[in-house]
2 protein chains.
Amino acid sequence: MLVRGMRTLEKHGGATATRRRAAAKGPPPPPRRAARSAEAEAGRARVRLDVDERRAQLVELGLAEFGTRTYEEVSIDLIAQAAGISKGLLYHYFPTKRAYYVACVREAAARLVARLELPTDVPPLERLQVGLDRYLEYVRAHGGAFATLMRSGAFADRELAAVIDETRATLLGRLTSGMADIFPAPGTLSSPLLQIALQGWVGLAEAMSIAWVEACVAAEDARSTRPAPRADEVRDLLAQTLVAIVGSAVR
Amino acid sequence: MLVRGMRTLEKHGGATATRRRAAAKGPPPPPRRAARSAEAEAGRARVRLDVDERRAQLVELGLAEFGTRTYEEVSIDLIAQAAGISKGLLYHYFPTKRAYYVACVREAAARLVARLELPTDVPPLERLQVGLDRYLEYVRAHGGAFATLMRSGAFADRELAAVIDETRATLLGRLTSGMADIFPAPGTLSSPLLQIALQGWVGLAEAMSIAWVEACVAAEDARSTRPAPRADEVRDLLAQTLVAIVGSAVR
DNA sequence: CCTCCTTGCTGACTCCTGTTCAATAACAGT
DNA sequence: ACTGTTATTGAACAGGAGTCAGCAAGGAGG
């Protein structure tokens with residue numbers, strides 16, 4: 001509690017650490033500063049949460065932080081401080097900073113996927129339009145956070161790339177489901193070229209939506225610039241391009 | 001002379017540092033060990049190069065390293081060791097690791113741009129095709145390095161983003177120069193929507209080319225997979241999509 | 001109410017890597 | 001050979017990721 005300090009001089013940890021340091025440095029270690037009891041005077045008592053709660057809280061916080069700053073700009077200490085916990089606790093939930101980041105990206109992706117539930121009883125082209133509308137709406141609402149999350153630390157490790165690829169595949173699958181009827185030619189739908197074409201279109205969609213959001217922001221800031229395109233213009237452009245590219249690829 | 005000036009200030013800098021250290025640690029700073037001349041017994045003598053030579057060497061090395069590993073995987077020590085110099089020297093040429101990275105990316109971009117010099121006396125569509133062919137050839141040849149360089153640490157800072165944006169704009173300008181003749185409607189060519197469309201197409205081109213290279217690699221590894229598309233198929237797909245997207249955007 | 005006892009939680013430590021700086025040595029001009 | 005310039009170095013510093021021994025909140029069983 002209050003006097004919980006002392007920490008009994010860290011009987012073990014201290015001794016071990018001292019020994020190791022001595023071995024590394026040679027000269028006798030500097031006098032150890034006496035451990036003081038903080039925690040009490042810090043004002044905030046130790047709060048014990050349920051595992052899932054804490055995890056959710058941390059991911060939520062990470063969503064906000066990583067959406068604003070870059071991966072490397074966000075330090076573990078910062079997160080811990082913002083969450084009101086110790087650094088060590090974070091490692092109780094996530095083995096590494098990257099794992100924490102991946103968890104956050106995964107959550108963001110899950111939310112995006114959840115928001116893009118589409119009706120299955122409408123014709124493919126209409127579904128595509130509705131899906132694109134929702135996608136653009138999402139990107140517009142989450143603006144920079146979306147771009148930051150998707151691009152900032154991306155592609156550094158396999159796991160992260162897998163999450164992103166999977167998300168893309170899921171969304172693409174939803175948007176294009178049923179479109180096989182439109183383009184006959186049975187075998188061609190899974191041809192290597194079409195695969196590449198579709199991956200390319202996903203890149204197009206992301207680049208275009210990001211450019212659109214930037215144009216929107218720029219248009220708001222300065223009156224001088226011409227107004228940004230409307231969402232439905234962008235949506236139509238995306239839809240038409242998808243049709244065109246698939247048409248070209250299966251030809 | 002600038003350097004000289006700083007040199008003069010070193011008296012101050014040193015004092016400041018010492019003061020800071022004392023303030024931080026409390027106890028008087030440990031006696032600085034007398035600098036000895038080891039170096040000789042290290043086997044390799046100190047080599048003194050011309051500024052530009054060394055810079056070029058370091059950038060060349062960085063191209064290789066950053067093309068293989070990720071930004072964070074490449075440590076300054078690694079670079080220094082590979083170059084056979086001390087860590088400190090790197091900071092004589094580049095103020096920071098990121099600056100070094102940016103210099104490398106800038107060089108890579110410059111080479112790409114240089115390779116994409118296009119003849120000006122051919123019709124626009126043909127020029128587009130030739131340009132795309134060269135682009136794909138480059139991406140194919142430099143495979144992963146291209147993707148790694150362009151994506152790994154990207155977008156972390158303004159400067160890097162600027163380099164990449166500028167490169168994209170340059171290439172796009174070359175590929176599309178003269179195409180104004182094809183699509184009449186004078187004012188529309190710089191409409192906001194078209195800008196977005198073109199940025200989107202660049203994203204398409206990058207995503208598609210990366211997917212294509214991956215398909216090529218995969219096809220080489222396993223015989224089971226279907227063969228990767230030919231370069232000219234991808235090129236035509238890209239060209240047709242560009243025409244289609246511009247057509248949609250100016251409509 | 002007390003006592004385990006599980007486990008969420010902490011703080012001090014280590015290690016590693018980017019960055020700084022005073023000192024050193026190679027080269028150019030004299 | 002002497003000297004000034006500056007490329008080059010080694011050691012120290014800073015600060016952030018990751019580790020670990022021990023502490024305590026809240027329930028289970030007496």
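Computed over heavy atoms, backbone and side chain alike; hydrogens, waters and symmetry mates excluded. Within every chain, numbering begins at 1; the chains are lettered A, B, ... in the order of the sequence lines, protein sequences first and strands thereafter.
- Rounded to a whole Å, the CD atom of A:Gln81 is 17 Å from the C1' atom of C:dC9.
- The nearest whole Å value for the distance from the CG atom in B:Leu78 to the P atom in C:dC16 is 15 Å.
- Checked against salt bridge (Lys or Arg N to Asp or Glu O under 4.0 Å), A:Glu60 has the following partners two or more places apart in sequence or in another chain: A:Arg111.
- Across all their heavy atoms, A:Arg55 and A:Ala103 have their closest contact at NH2-CB, 4.4 Å.
- If you take CD of B:Glu53 and C1' of C:dC27, they are 14 Å apart, rounded to a whole angstrom.
- Nucleotides of DNA chain C nearest to A:Ser86 and B:Pro95 differ in position, and the one nearer the 5' end is that of A:Ser86.
- When all heavy atoms of B:Val74 and B:Phe66 are compared, the pair lying nearest together is CB-CE2, 3.6 Å.
- For the pair B:Ser75 (side chain) and B:Leu78 (backbone), a donor-acceptor distance under 3.5 Å is present.
- Between A:Ala231 and A:Leu136 the shortest heavy-atom distance is O-CD1, 3.6 Å.
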Please list, for nucleotides 4-8 of chain C, all pairs of protein and nucleotide N/O atoms separated by less than 3.5 Å.
residue : atom : partner : partner atom : Å
C:dT7   : O2   : A:Arg48 : NH2          : 3.1
C:dG8   : OP2  : A:His92 : NE2          : 2.9
C:dG8   : O3'  : A:Leu49 : O            : 3.4
C:dG8   : N2   : A:Arg46 : NH1          : 2.9

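- Rounded to whole Å, the distance from CD1 on A:Ile79 to C1' on D:dA17 is 13 Å.
- Across the protein-nucleic acid pair, B:Leu90 atom CG and C:dT17 atom P stand 15 Å apart, rounded to whole Å.
- Between B:Cys104 and B:Gly62, the shortest heavy-atom contact is SG-CA, 3.7 Å.
- The side chain of B:Tyr91 places no N or O atom within less than 4.0 Å of a non-bridging phosphate oxygen (OP1 or OP2) of C:dT20.
- Between the OH atom of B:Tyr101 and the C1' atom of C:dG18 there is a distance of 17 Å, given to the nearest Å.
- A salt bridge (Lys or Arg N to Asp or Glu O under 4.0 Å) check over residues 213-222 of chain A, counting only residues at least two apart or in different chains, returns the pairs A:Arg140-A:Glu220.
- The nearest whole Å value for the distance from the CD1 atom in A:Ile85 to the C1' atom in C:dG11 is 13 Å.
- Look at A:Thr96 and you'll find a side-chain N or O under 4.0 angstrom from OP1 or OP2 of D:dG18.
- Protein atom NZ of A:Lys97 is 15 Å distant from nucleotide atom P of D:dT19, rounded to whole Å.
- A donor N or O paired with an acceptor N or O is found under 3.5 Å between the base of C:dT19 and the side-chain atoms of B:Lys87.
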